[in-house]
Peer 1: 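I have a structure I would like to understand better, so I am pasting it below and will then ask my questions one at a time.
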Amino acid sequence: MSNHDMNMASRIEADRRILELLSQTFPTQDSASTEIINLEAILRLPKGTEHFVADIHGEHEAFQHILKNASGNIRRKVNELFQDTLEPEVIKELCTLIYYPEEKLELIEAKDEDSDEFYSTTLQRLVLVLRSVSSKYTRSRVRKALPRQFAYIIEELLHEKADDDDKTAYLQGIVDSIIQTDQAPNFITAMCQVIQQLSIDQLHILGDIWDRGPGAHIIMDTLLQYHNFDITWGNHDALWMGAAAGNDCCICNVLRFCLRFGNMDTLEDGYGINLLPLAQLAMEAYKDDPATIFLPQRKVDERQCQLIGRMHKAITIIQFKLERNMIEKHPEWVIDRTDTLGGIDIQRGVYIVNGREYPLRDTLFPTIDDWNDPYRLTPQEEEMMAKLHHSFRVSDKLQKHIKCILSHGGMYNICNGNLLFHASVPLNDDGSLKEVQLMGRKYSGKELMNRIGILVRSAFNTDTPREEKLAARDYLLYLWCGPESPLFDKSRMTTFQRYLIGDKDLIHEEKGAYFRLRNDENVCNHILDSFGVQGEHRHIINGHVPVHVSAGESPIKANGRLMVIDGGFSQHYHSTTGIAGYTLVYHSRGFELIQHEPFTSKRDAIQNGSDIHGSIQLVELSGHRLRVRDTDRGRKIHKQIAELRELLYAYRHGYIRTK
């Protein structure tokens with residue numbers, strides 16, 4: 001027996017249990033050989049396109065549009081195909097149809113023009129587009145993306161070429177039959193949806209889905225229907241997880257954000273949260289309060305504006321009370337214990353801290369009965385919070401969305417040589433990994449992230465002991481605002497000072513060492529090493545802190561080792577960042593950073609063909625076209641092939657019998 005045969009025999013004996021299981025799926029030599037051939041072919045396909053998006057903050061229309069146009073990739077494909085044969089206006093109409101097929105077809109059909117001619121021409125153009133975007137996938141992968149009722153017909157149109165008269169007549173006959181059976185609108189819609197799906201192979205969300213914008217619940221509904229995505233948790237996501245788990249401090253923060261930005265739709269229509277108890281408290285306790293500094297920042301109905309301001313103020317004061325009590329409960333958090341409400345001299349209308357006095361921006365506090373104990377809830381506040389607590393806990397849709405980000409998400413992700421996290425990895429001033437206390441023990445780097453992920457999930461596991469579950473529920477507030485939280489990583493959260501004082505020294509929040517050192521390539525390499533990320537072209541990708549492009553800041557840092565892709569999706573940030581968000585695209589040629597201009601509206605896109613225009617910044621191009629073999633999936637396939645070759649050897653040499 002040769003050395004090769006002896007080695008194979010030893011490996012087969014060691015792997016016999018795995019090979020026996022594998023033989024149930026591939027019971028013959030032919031089936032094992034066929035699968036090896038198939039997998040070897042897949043390794044040679046171009047790498048699928050990954051899209052990275054961070055800090056969406058409830059801007060559902062802009063987010064959905066970017067999914068529909070694949071960050072401009074579909075428009076580029078259509079231009080490449082038809083720029084020499086179609087007018088720019090026709091290309092724009094075709095792109096809008098691909099993005100919004102049902103709505104655009106309604107407008108076109110309302111014009112009552114020659115619909116048969118339109119359907120025939122459009123179907124033939126869509127076949128060319130779909131053929132282009134599906135070229136990097138196997139037929140099996142494309143088939144899985146097709147709607148069942150049209151799968152066979154679309155496959156025929158995709159894979160048959162009109163290279164002779166008979167084939168031309170055959171393909172035209174299919175198109176004519178689709179039109180004559182009144183299936184053209186449904187067929188066009190189906191093809192457009194498949195084009196959208198195949199244009200993005202994998203979607204990475206780098207945190208902060210909720211708050212500020214009006215449609216976080218719509219974004220989550222969109223993701224629930226999406227084909228392939230993962231979520232790296234952000235501090236705003238942790239806040240909503242805490243609210244769903246029943247953390248009253250998190251509930252107050254969630255309500256405060258929604259009221260501040262006039263997002264009643266998210267709460268009431270999206271999650272069925274009953275705001276009537278809060279409205280009643282505001283109308284009774286704050287009935288004479290103008291609540292000027294609490295009026296919503298987003299334009300709302302004038303009749304609602306005053307009520308929202310009073311509700312906003314009512315829940316903010318409750319938040320200050322509850323957070324103070326929570327901080328006192330957890331001295332191990334080492335959160336800034338500077339007095340907030342307790343530092344107010346209400347008679348003189350000033351706030352006193354460190355021996356200095358600051359004038360208050362608001363001096364009406366009708367729900368503080370005793371200034372010797374300003375953090376005690378009134379009976380009405382307690383009753384109202386109990387009702388809100390119940391409303392968040394029994395919201396089926398909210399709990400469903402939280403289950404989604406738990407099942408598809410985590411504190412970090414490693415994919416194809418890229419380390420993804422929302423905000424930071426806590427560091428010491430010298431760039432070393434910082435040890436952070438968590439439930440009585442200290443952890444750093446990857447282990448810290450893993451332990452936090454376990455702790456967060458324990459807040460939702462039914463078999464978690466009660467005390468552990470309550471501690472985990474409390475910790476979700478720390479993730480939101482704790483100084484050593486990897487999702488926040490600032491010295492303190494100055495919400496009280498921003499609302500009631502406004503002094504620039506008091507509202508300053510010192511960023512952690514990570515943000516000061518992240519432009520150092522050596523520091524970034526140290527973080528990547530600690531997480532086990534390998535490869536010459538490895539990167540850190542994160543968001544959290546908006547990139548101020550208008551001030552000359554670059555999203556590419558540490559000689560290309562780090563990419564910060566929070567470009568300000570939220571309308572609230574457009575004036576400070578100068579743009580309306582980023583999408584980082586990683587395709588078979590390398591990395592491109594798409595810098596987006598503000599999106600007008602879905603209605604404008606459908607009626608006028610407006611698009612999200614973006615400029616492309618080449619971040620890193622590969623010297624060769626990346627294939628599936630160069631990816632994490634490719635490494636898994638290589639392992640599968642090795643196991644199948646062992647199985648084939650075992651069949652041929654009698655170690656395992658074929659079925």
Side-chain angles (χ1 to χ4, degrees), residues 64-65 67-70 74-75 77-78 81-82 85-87 89-135 137 139-199 221-222 224-227 602-611:
Q64 289 179 322
H65 189 82
L67 293 189
K68 291 176 181 295
N69 79 351
I74 290 176
R75 178 178 287 275
K77 291 278 188 184
V78 173
L81 289 168
F82 302 112
T85 57
L86 297 180
E87 294 294 323
E89 190 63 29
V90 178
I91 289 176
K92 184 172 78 170
E93 287 289 303
L94 179 59
C95 288
T96 304
L97 176 68
I98 293 172
Y99 309 155
Y100 302 99
E102 294 174 331
E103 297 90 338
K104 194 64 179 176
L105 284 172
E106 285 184 11
L107 292 178
I108 292 169
E109 290 166 1
K111 294 179 180 178
D112 198 27
E113 297 175 356
D114 186 353
S115 58
D116 285 2
E117 177 64 25
F118 166 78
Y119 289 145
S120 179
T121 303
T122 300
L123 283 167
Q124 292 177 50
R125 291 170 180 167
L126 289 175
V127 168
L128 295 177
V129 178
L130 183 52
R131 192 175 290 164
S132 175
V133 301
S134 64
S135 61
Y137 300 108
R139 287 195 180 191
S140 173
R141 169 73 172 82
V142 174
R143 189 179 300 120
K144 290 175 182 176
L146 301 178
R148 185 176 300 174
Q149 68 271 35
F150 298 128
Y152 171 75
I153 302 172
I154 294 177
E155 278 198 276
E156 289 293 290
L157 291 172
L158 280 180
H159 302 302
E160 291 290 352
K161 301 289 181 68
D163 48 10
D164 58 48
D165 291 342
D166 290 338
K167 285 292 177 65
T168 301
Y170 170 68
L171 294 174
Q172 187 60 51
I174 293 176
V175 172
D176 291 342
S177 297
I178 291 169
I179 296 169
Q180 291 164 9
T181 56
D182 297 325
Q183 287 298 307
N186 294 333
F187 199 86
I188 287 172
T189 298
M191 290 190 72
C192 292
Q193 291 171 345
V194 175
I195 290 170
Q196 292 178 28
Q197 179 174 335
L198 294 180
S199 296
D221 282 339
T222 301
L224 283 169
Q225 302 299 319
Y226 206 69
H227 58 280
K602 176 180 175 181
R603 180 180 180 183
D604 189 35
I606 294 166
Q607 293 186 342
N608 304 315
S610 65
D611 205 343

Peer 1: Give a yes or no answer on whether the side chain of Ser199 reaches the backbone of Ile195 with a donor-acceptor pair at less than 3.5 Å.
Peer 2: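 It does hold such a pair.
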Peer 1: Please check: side-chain N/O of Ser135 versus main-chain N/O of Ser132, any donor-acceptor pairing under 3.5 Å?
Peer 2: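 Yes, the answer is positive, given that a donor and an acceptor are paired below the 3.5 Å cut-off.
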Peer 1: Are any of the side-chain heavy atoms of Val142 and Ile154 separated by less than 4.5 Å?
Peer 2: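 SC-SC contact between Val142 and Ile154 ruled out.
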Peer 1: Checking side chain to side chain contact (heavy atoms under 4.5 Å, CB included) for the pair Leu126/Phe187: CA distance, chi angles, key distance, verdict?
Peer 2: CA-CA 10 Å; Leu126 289 175; Phe187 199 86; over 6 Å; no
Peer 1: Can you confirm whether Gln124 sits close enough to Leu171 that some side-chain heavy atom of one is under 4.5 Å from a side-chain heavy atom of the other?
Peer 2: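 No. Closest side-chain heavy atoms not under 4.5 Å.
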Peer 1: For residues Tyr99 and Gln196, report the shortest heavy-atom separation together with the two atoms involved.
Peer 2: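 Looks like O-NE2, 3.1 Å.
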Peer 1: So, Thr121 side chain and Phe118 main chain: donor-acceptor pair closer than 3.5 Å or not?
Peer 2: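 Checking the backbone N and O of Phe118 against the side chain of Thr121, no donor-acceptor pair under 3.5 Å is found.
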Peer 1: Output the distance between atom CD1 (Ile179) and atom CD1 (Ile174), rounded to the nearest 0.5 Å.
Peer 2: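 Nearest 0.5 Å value for the CD1-CD1 distance: 12.0 Å.
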Peer 1: Output the distance between atom OG1 (Thr85) and atom CG (Leu128), rounded to the nearest 0.5 Å.
Peer 2: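 Answer for the OG1-CG pair, Thr85 versus Leu128, is 9.0 Å.
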Peer 1: With a 4.5 Å cut-off on side-chain heavy atoms, are Cys192 and Lys68 touching?
Peer 2: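 No, too far: nothing below the 4.5 Å cut-off.
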Peer 1: Whether Arg603 and Glu103 form a salt bridge (side-chain N of Lys/Arg under 4.0 Å from carboxylate O of Asp/Glu) is what I want to check.
Peer 2: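 Answer for the salt bridge query: no.
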Peer 1: Please round to the nearest 0.5 Å and tell me the distance separating atom NE2 of His159 and atom OG of Ser134.
Peer 2: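 That separation rounds to 6.5 Å.
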Peer 1: Between Met191 and Leu123, is the side chain to side chain contact (heavy atoms under 4.5 Å, CB included) condition met? List the steps.
Peer 2: CA-CA 9 Å; Met191 290 190 72; Leu123 283 167; 4.2 Å; yes
Peer 1: For Arg139 and Leu158: C-alpha separation, side-chain torsions, deciding distance, then whether side chain to side chain contact (heavy atoms under 4.5 Å, CB included) applies.
Peer 2: CA-CA 10 Å; Arg139 287 195 180 191; Leu158 280 180; over 6 Å; no
Peer 1: Would you indicate whether Tyr152, at its atom OH, is surrounded by more than 12 heavy atoms from other residues, nucleotides or ligands within a distance under 6.0 Å?
Peer 2: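 Open: at most 12 neighbouring heavy atoms sit under 6.0 Å from OH of Tyr152.
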Peer 1: Evaluate side-chain hydrogen bond (donor to acceptor under 3.5 Å, both in side chains) for Thr189 paired with Gln193, printing each intermediate quantity in order.
Peer 2: CA-CA 6 Å; Thr189 298; Gln193 291 171 345; over 6 Å; no
Peer 1: Kindly indicate whether the side chain of Val78, heavy atoms from C-beta on, has any atom under 4.5 Å from the side chain of Ile74.
Peer 2: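 Yes, their side chains come closer than 4.5 Å.
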Peer 1: Please determine, by modelled atom types, if Asp176 and Gln180 share a side-chain donor-acceptor pair under 3.5 angstrom.
Peer 2: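 No donor-acceptor contact under 3.5 Å links the two side chains.
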Peer 1: So which heavy atom on Cys95 is nearest to which on Arg75, and how close?
Peer 2: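 Heavy-atom minimum between the residues: SG-CA, 3.9 Å.
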Peer 1: Quick check for you: to the nearest 0.5 Å, what is the distance between Leu81 atom CG and Leu94 atom CG?
Peer 2: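 Reported to 0.5 Å precision, the distance equals 9.5 Å.
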Peer 1: As an exercise, state the distance from CG of Leu130 to CD of Gln197, rounded to the nearest 0.5 Å.
Peer 2: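 So the CG of Leu130 and the CD of Gln197 are separated by 10.5 Å.
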Peer 1: Can you list the steps and then say if Val90 with Phe82 is a side chain to side chain contact (heavy atoms under 4.5 Å, CB included)?
Peer 2: CA-CA 10 Å; Val90 178; Phe82 302 112; over 6 Å; no
Peer 1: List the atom of Leu146, the atom of Ala151, and the distance in Å for their closest heavy-atom pair.
Peer 2: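 For Leu146 and Ala151, the tightest heavy-atom pair comes out as CD1-O, 3.6 Å.
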Peer 1: Please round to the nearest 0.5 Å and tell me the distance separating atom CG of Asp221 and atom CD of Gln64.
Peer 2: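 Answer for the CG-CD pair, Asp221 versus Gln64, is 9.5 Å.
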Peer 1: Which pair of non-hydrogen atoms, one from Leu157 and one from Arg131, has the smallest distance, and what is that distance?
Peer 2: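 For Leu157 versus Arg131, the nearest heavy atoms are O-NH2, 2.8 Å.
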Peer 1: Hey, does Tyr119 have a side-chain heavy atom less than 4.5 Å from the side chain of Pro185?
Peer 2: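 Yes, at least one pair of side-chain atoms sits under 4.5 Å.
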